[in-house]
Amino acid sequence: MKDYIAISKNSKEILNSAHLLQSVEVNALISGEAGVGKKSLSQYIVPNAPVFKAKSLQQDIIDNVIDLKDCSIIIDKIENITNIDLLINWINENSIRVIATTLKEELNSKIGEQFSITIELPPLKDREEDVKALTAKFSKEASTTLDLEQIIPSKLMINISNNAHSLRKSIYFSYLFETIGEDEILMFMENYMFSNMQGEDSYKDFLYLLEVPILKAASKKYKSQVQMAKHLGLNRITLRKKLDLHKDFLND
């Protein structure tokens, strides 16, 4: 059975709904941003059901190459269906139960009418306990995959800007970071700059790549602007100008 992490209060409530859906034969729609666990929850509800990308399923129905009856299926990103009547007729004619996922808050009314229940999954920023559990899961996964000792949680770089997708990526990057030195860091920056260098003011364009990490690190280490200026060898006016210049990055 597919794991679905449910430690936060709202996730536990969602999991209770999923338990009910395991025992009743109704169509259900699971909505939410990318990376919030829609597919995992779908597979928790119907663990043995085949998973279809919406566009691929539509083409298979058109080509008459799919032979399913009296069963459950998962349709991923159902909002990508363009021939809605075709899908609905196929579902009804073959007695197909559908658990579908969608990124959209509102679907075409014809599609929406096919679902008795809708579950909306909140983003990870609203599920603090789930983030901790997922971090532990991905950390163990990265340690095993990369054959490295597990890193203590405080040293992991956590990014949930794109929910679980960015979280997993940031955890793996944390492990890779443990194995690289100055030469690799300089190589990464050189390759990035080479690929993106254009125009006639590239030095100024790329300066933020040098200044933002220094300012962020100094802010974490020294806290006050007085101490930051002292240890960075800058006067406070210059420091304030740089903090204001890069405020969009520093406020992330």
Side-chain angles (χ1 to χ4, degrees), residues 5 32-37 39-40 53 77 103 123-125 127-128 130-252:
I5 301 256
E33 299 174 0
V36 294
K39 194 183 295 184
S40 294
K53 293 288 185 184
K77 297 185 178 67
L103 292 166
L124 287 187
K125 65 181 177 63
R127 296 154 55 188
E128 185 177 347
D130 291 352
V131 172
K132 291 178 181 178
L134 283 167
T135 298
K137 175 185 176 181
F138 294 154
S139 180
K140 183 177 180 180
E141 176 188 301
S143 173
T144 301
T145 302
L146 301 173
D147 194 24
L148 296 171
E149 292 292 326
Q150 274 201 261
I151 298 174
I152 60 174
S154 61
K155 293 185 70 176
L156 293 171
M157 292 174 272
I158 306 300
N159 177 8
I160 58 170
S161 60
N162 193 27
N163 295 298
H165 297 323
S166 55
L167 177 60
R168 175 184 265 117
K169 184 178 179 180
S170 67
I171 298 300
Y172 271 79
F173 186 80
S174 297
Y175 276 83
L176 291 173
F177 185 77
E178 291 293 302
T179 69
I180 66 175
E182 290 182 358
D183 290 342
E184 288 84 3
I185 293 172
L186 290 172
M187 180 183 67
F188 293 151
M189 293 184 69
E190 176 188 341
N191 287 343
Y192 178 82
M193 292 177 182
F194 179 80
S195 298
N196 294 278
M197 189 172 288
Q198 56 187 352
E200 299 179 351
D201 206 4
S202 292
Y203 184 88
K204 182 179 179 181
D205 291 342
F206 287 127
L207 195 57
Y208 77 98
L209 290 174
L210 306 175
E211 293 190 335
V212 169
I214 294 172
L215 293 171
K216 279 191 170 184
S219 179
K220 288 179 182 178
K221 188 165 186 176
Y222 302 118
K223 311 302 181 186
S224 74
Q225 290 188 19
V226 173
Q227 291 299 313
M228 286 175 65
K230 176 183 175 182
H231 288 88
L232 292 176
L234 300 172
N235 65 58
R236 291 173 65 184
I237 294 175
T238 300
L239 175 61
R240 281 197 294 269
K241 287 181 178 179
K242 291 184 179 296
L243 291 173
D244 185 64
L245 177 65
H246 302 303
K247 62 184 178 183
D248 290 341
F249 292 103
L250 298 173
N251 290 332
D252 288 347

Enquirer: My understanding is that only residues two or more places apart in sequence, or in another chain, count here; which of them pass ring-ring contact (aromatic ring centres under 6.0 Å, His included) with Y208?
Expert: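 In terms of ring-ring contact (aromatic ring centres under 6.0 Å, His included), with neighbours along the sequence ignored, Y208 is linked to F249.
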Enquirer: Contact between N196 and D205 at the side-chain level, heavy atoms closer than 4.5 Å - yes or no?
Expert: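 Result no, sub-4.5 Å side-chain heavy-atom pair not found.
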Enquirer: Within the 3.5 Å criterion, strictly below it, is a donor on Y175 or S139 matched to an acceptor on the partner's side chain?
Expert: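 Yes - a donor-acceptor pair under 3.5 Å links their side chains.
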Enquirer: Please determine which of E184, K155, M157 meets the side chain to side chain contact (heavy atoms under 4.5 Å, CB included) test together with F177.
Expert: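 The passing option is M157.
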Enquirer: Ignoring hydrogens and angles, tell me if any N or O in the side chain of R127 forms a donor-acceptor pair with the backbone of V36 under 3.5 Å.
Expert: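 Yes, R127 side chain to V36 backbone: donor-acceptor pair under 3.5 Å.
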Enquirer: Flag the pair M193 / L209 as yes when at least one side-chain heavy-atom distance between them is below 4.5 Å, and no otherwise.
Expert: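 Yes, close enough: below the 4.5 Å cut-off.
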Enquirer: Step by step, would you call F173 with N159 a side-chain contact (heavy atoms from CB on, under 4.5 Å)?
Expert: CA-CA 10 Å; F173 186 80; N159 177 8; over 6 Å; no
Enquirer: State the CG-CG distance between N163 and L124, to the nearest 0.5 angstrom.
Expert: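 Answer for the CG-CG pair, N163 versus L124, is 4.5 Å.
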Enquirer: CD of E190 to OG of S195: how many Å apart, nearest 0.5 Å?
Expert: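 Output value for this atom pair is 10.0 Å.
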Enquirer: Please verify the inter-ring angle class for F206 with Y192; under 30° counts as parallel, over 60° as perpendicular, anything in between as tilted.
Expert: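 F206 and Y192: perpendicular rings.
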Enquirer: Start with the C-alpha gap between D201 and K204, add the side-chain angles, then the distance that decides, and say whether side-chain contact (heavy atoms from CB on, under 4.5 Å) holds.
Expert: CA-CA 6 Å; D201 206 4; K204 182 179 179 181; 3.4 Å; yes
Enquirer: Tell me if the CG atom of L210 is crowded by more than 12 foreign heavy atoms within 6.0 Å.
Expert: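 For L210, atom CG is crowded (more than 12 foreign heavy atoms under 6.0 Å).
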Enquirer: Is it the case that the side chains of N235 and T238 hold a donor-acceptor pair, with the cut-off being a distance below 3.5 Å and no angle test?
Expert: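 Yes, a side-chain donor-acceptor pair sits under 3.5 Å.
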Enquirer: With a 3.5 Å distance limit and no angle check, can you tell me whether T145 reaches the backbone of E141 through a side-chain donor-acceptor pair?
Expert: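 Checked: pair present.
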Enquirer: Could you go through L103 and E33, starting from their C-alpha distance and side-chain angles, then the distance that decides it, and tell me whether this counts as side-chain contact (heavy atoms from CB on, under 4.5 Å)?
Expert: CA-CA 6 Å; L103 292 166; E33 299 174 0; 5.5 Å; no
Enquirer: Just wondering, are more than 12 heavy atoms of other shown residues or ligands nearer than 6.0 Å to CG in D147?
Expert: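 No - once you tally the heavy atoms of other residues, nucleotides and ligands closer than 6.0 Å, there are 12 at most.
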Enquirer: I151 versus I171: any side-chain heavy-atom pair under 4.5 Å?
Expert: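 I151 does not reach I171 side chain to side chain.
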